[in-house]
Structures are given as C-alpha cells and as structure tokens.
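All remarks here apply to the structure that follows.
In what follows, residues are counted from 1 in the order of the sequence shown. Ligands are counted one by one from 1 in listed order, and the atoms in each one are counted from 1 as well. Quick caveat: nothing in here was measured; it's all calculated off a predicted structure.
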Amino acid sequence: MAAAVKYQPTRLLGHVFAPGSSRSFGRSLSMPSASRNTHHHKLNLIHASISHVDPTPLSISDDSSTETESTLILIRHGESLWNEKNLFTGCCDVPLTMRGVEEAIEAGKRISYIPVDVIFTSKLIRAQMTAMLAMTQHHRKKVPIIIHNESEQAKTWTQVYSEKTTKQSIPVITAWQLNERMYGELQGLNKEETAERYGKEKVYEWRRSFDIPPPQGESLEMCSQRAVAYFKDFIEPQLRSGKHVLVAAHGNSLRSIIMYLEKLNSQEVTNLELSTGIPLLYIYKEGNFISRGSPVGPTEAGVYAFSQSLAVYREQLDEMSHN
Ligand SMILES: O=C(O)[C@@H](CO)OP(=O)(O)O
C-alpha cells in the first residue's frame with residue numbers, strides 16, 4: 001500500500017534517518033482565532049513563567065540572509081505497567097516499568113546534544129517521568145522544573161528568586177490536551193481478550209481508524225482536535241520565537257500531531273505506529289517542519305550533519321564539558 005511505503009521512515013523508529021532525504025512540509029502559522037481567546041489568559045501565564053528563560057536561539061548565517069531555526073523533539077513515553085500487561089490505558093495515570101525507565105534514559109542519551117529550552121508534557125505521569133528521566137542525560141545539565149500555574153497560590157509558592165538558578169532551568173509545561181486518547185469503556189481491558197470478544201477487525205478499527213471512537217471514548221479525530229489545537233496555540237509560538245521544544249506525550253496524541261506536521265490524510269495515519277521511548281526530531285524553519293527521523297545517539301555524526309547550527313550547539317557543549 002502506498003501510504004505504508006511512504007511513511008515507512010517514520011514507522012521504522014529507531015533506525016537511521018537519511019539527512020539528505022528530508023521532506024519539507026509547508027505550513028501556515030497563523031494562530032486559529034477561535035481558540036485564541038479561550039487560551040489567552042493561560043498563554044499569558046505560560047509566557048510569564050518562561051519569559052526569563054534563556055532561549056538560546058540557533059542562528060545560521062549564509063551569504064544572503066540570517067535565519068533562525070528551532071528544533072522540535074517528540075517522544076512517546078517509555079513502556080508503562082499497563083503497556084506491559086497489554087491493557088488499554090488511555091487517560092488512566094499509570095507509571096513506567098523499569099524497562100520504560102531505561103527507555104526514557106536511552107532516549108535522553110539520543111537527544112543529549114540537541115538543545116531544549118522548553119518542555120511540554122501531558123498531565124499523565126508516564127509522559128512526565130519520560131521527559132524528566134530523558135533530561136537527566138542532557139549535556140547542558142539544566143534542571144527541568146514543572147510550572148504550576150493552576151492557581152495564584154501555586155504560582156506564588158513555586159516562585160524562584162534567583163536569576164542564576166532560573167537560567168539553569170527548563171520550564172516544563174503540562175497540558176491535559178496532550179494526554180492519551182480517552183479510551184472510554186476499553187480502559188483497563190486486556191487488548192487481546194477484547195479482540196477475542198469483539199473481533200480483531202472491530203478492535204483494530206477502534207485502535208487505528210481516524211474517526212471511529214471506541215465505546216464512550218475518543219476517536220483519533222477527537223483526540224486530534226484538542227491535541228493539535230494545543231500544539232498550534234502553545235507549542236508553535238515557542239518554535240516560531242526560536243525556542244527549542246521537547247514534547248513528551250502518548251501514542252495517539254502524538255500520532256495526531258504527526259498527522260498535522262506531516263500532512264498525513266486519515267488513511268495514512270492508520271499506518272503510523274510509534275514505539276515507546278523513541279525520540280523523533282523535526283527542524284522548524286521558515287514556517288516548515290522538516291522531519292529528521294530519530295536521532296541514533298549522541299555520538300552519531302549524522303544527527304548533526306544536517307544542520308550547521310546543531311553542530312555548533314554540540315561544539316559549544318563539548319567545550320563546556322572540557323572546561
Ligand atoms: O492503551 C492505550 O492507551 C494506547 C497506547 O498504549 O493503545 P493503542 O495501542 O491502542 O493506541
């Protein structure tokens with residue numbers, strides 16, 4: 001099937017991507033006005049929390065112009081205790097297994113030389129654990145700090161009073177919109193038993209079709225309406241301002257975001273599978289998302305070869321660690 005071939009690189013997560021084979025996906029970056037007002041207040045709070053953080057934008061110069069590009073890393077959380085038991089998880093808040101912890105640390109090694117200025121995760125602990133564990137491996141050694149804007153008291157009680165400390169921090173913004181697709185009455189059921197009971201085809205349809213929801217749950221389309229709206233309203237503005245962003249989320253919330261980034265249609269997205277704990281890299285440049293596949297490891301030269309600015313960033317980190 002054409003779609004399966006076309007998206008093979010994305011599905012072969014963990015394999016080497018070819019720097020020369022990038023695809024650029026044209027993207028208009030105007031913020032949708034409908035959700036703008038709804039989120040306005042919250043957006044201000046987020047900006048207030050992170051405005052003091054050193055954005056370290058990457059600038060590349062060529063003969064004719066100076067451009068800014070930023071990086072976007074997407075990571076599906078590591079294996080959870082319910083992944084291990086093959087249970088539908090959805091919005092149930094289940095932690096990582098030891099294997100999931102190791103996957104998160106391994107993911108962190110793979111992105112340890114890629115800049116991160118701001119982190120977005122879902123509200124679920126498996127995504128938050130993944131982001132935090134991954135960042136323990138980062139060479140820049142900044143401290144990821146969860147931003148608590150849920151009340152005035154939470155904001156006041158989590159204030160940091162040292163500019164120096166703040167500069168060594170990375171804000172972690174948690175959002176329910178990035179949560180896993182709500183799986184309705186399948187949550188907690190065993191996937192294999194459910195397939196035996198309702199038939200493999202029906203369960204495949206619930207799990208991978210775009211617009212057929214599981215009983216009382218969200219279809220991928222419904223999940224995408226909140227996850228992609230959040231991405232456009234909160235994450236794209238960060239990228240546009242030159243910030244480098246890490247998003248730790250879930251199989252289906254990320255599938256919907258990748259559908260948007262790579263302009264997949266509803267048929268193509270059914271073939272998209274994300275492994276746990278594998279980082280995916282995109283370069284954001286001039287309003288386009290350029291897919292760079294999955295960085296293989298911190299020592300993999302190819303990861304840096306495609307972007308002069310990432311190579312410079314890496315050099316700076318190397319110098320820092322030698323001093
Ligand atoms: O159970 C879930 O929440 C998801 C992700 O593990 O399952 P699926 O493979 O059906 O997307």
When hydrophobic residues are tied together by side-chain contacts of less than 4.5 Å, even through go-betweens, does Leu124 share a cluster with Ile235?
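The answer is no; the residues belong to distinct hydrophobic clusters.
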Please tell me whether Leu274 and Leu96 are part of a single hydrophobic cluster in this structure, the criterion being side-chain heavy atoms less than 4.5 Å apart.
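Not linked; separate clusters.
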Aromatic ring proximity, centroids under 6.0 angstrom, Tyr198 and Trp206:
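Yes: the rings meet the under 6.0 Å criterion.
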Below a 4.0 angstrom heavy-atom separation, can you tell me which part of [X], side chain or backbone, both or neither, approaches ligand 1?
X	value
Trp82	neither
Asn252	side chain
Lys191	side chain
Arg181	neither

Side-chain ion pair, [X] and [Y], N-O less than 4.0 Å:
X	Y	value
Arg197	Glu193	no
Glu218	Arg181	no
Glu152	Lys155	yes
Glu273	Arg208	yes

Identify the heavy atoms of Thr68 and Gly242 that sit nearest to each other, and give their distance.
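In terms of heavy atoms, the two residues are closest at CG2-CA, 4.1 Å.
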Which of the numbered atoms in ligand 1 are under 4.0 angstrom from any heavy atom belonging to [X]?
X	value
Phe88	1 (O)
Asn83	6 (O)
Arg207	8 (P), 9 (O), 10 (O)
Thr89	1 (O), 2 (C), 3 (O)

Heavy-atom contact check, 4.0 Å cutoff: does [X] meet ligand 1?
X	result
His250	no
Gln187	no
Gly90	yes
Arg76	yes
Leu87	yes

Examine the side chains of Gln137 and Ser112 and answer whether a donor and an acceptor come within less than 3.5 Å of each other.
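No, no side-chain donor-acceptor contact under 3.5 Å.
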Donor on one side chain, acceptor on other, Arg76 and Ser275, under 3.5 Å:
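Side chains of Arg76 and Ser275: no pair found under 3.5 Å.
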Nearest protein heavy atom with distance in Å, relative to atom 10 (O) of ligand 1:
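Among all protein heavy atoms, the one nearest atom 10 (O) of ligand 1 is Tyr183 OH, 2.5 Å.
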Shortest protein heavy-atom distance from atom 5 (C) of ligand 1, along with the residue and atom involved:
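Ranking protein heavy atoms by distance from atom 5 (C) of ligand 1, first comes Glu180 OE2, 3.4 Å.
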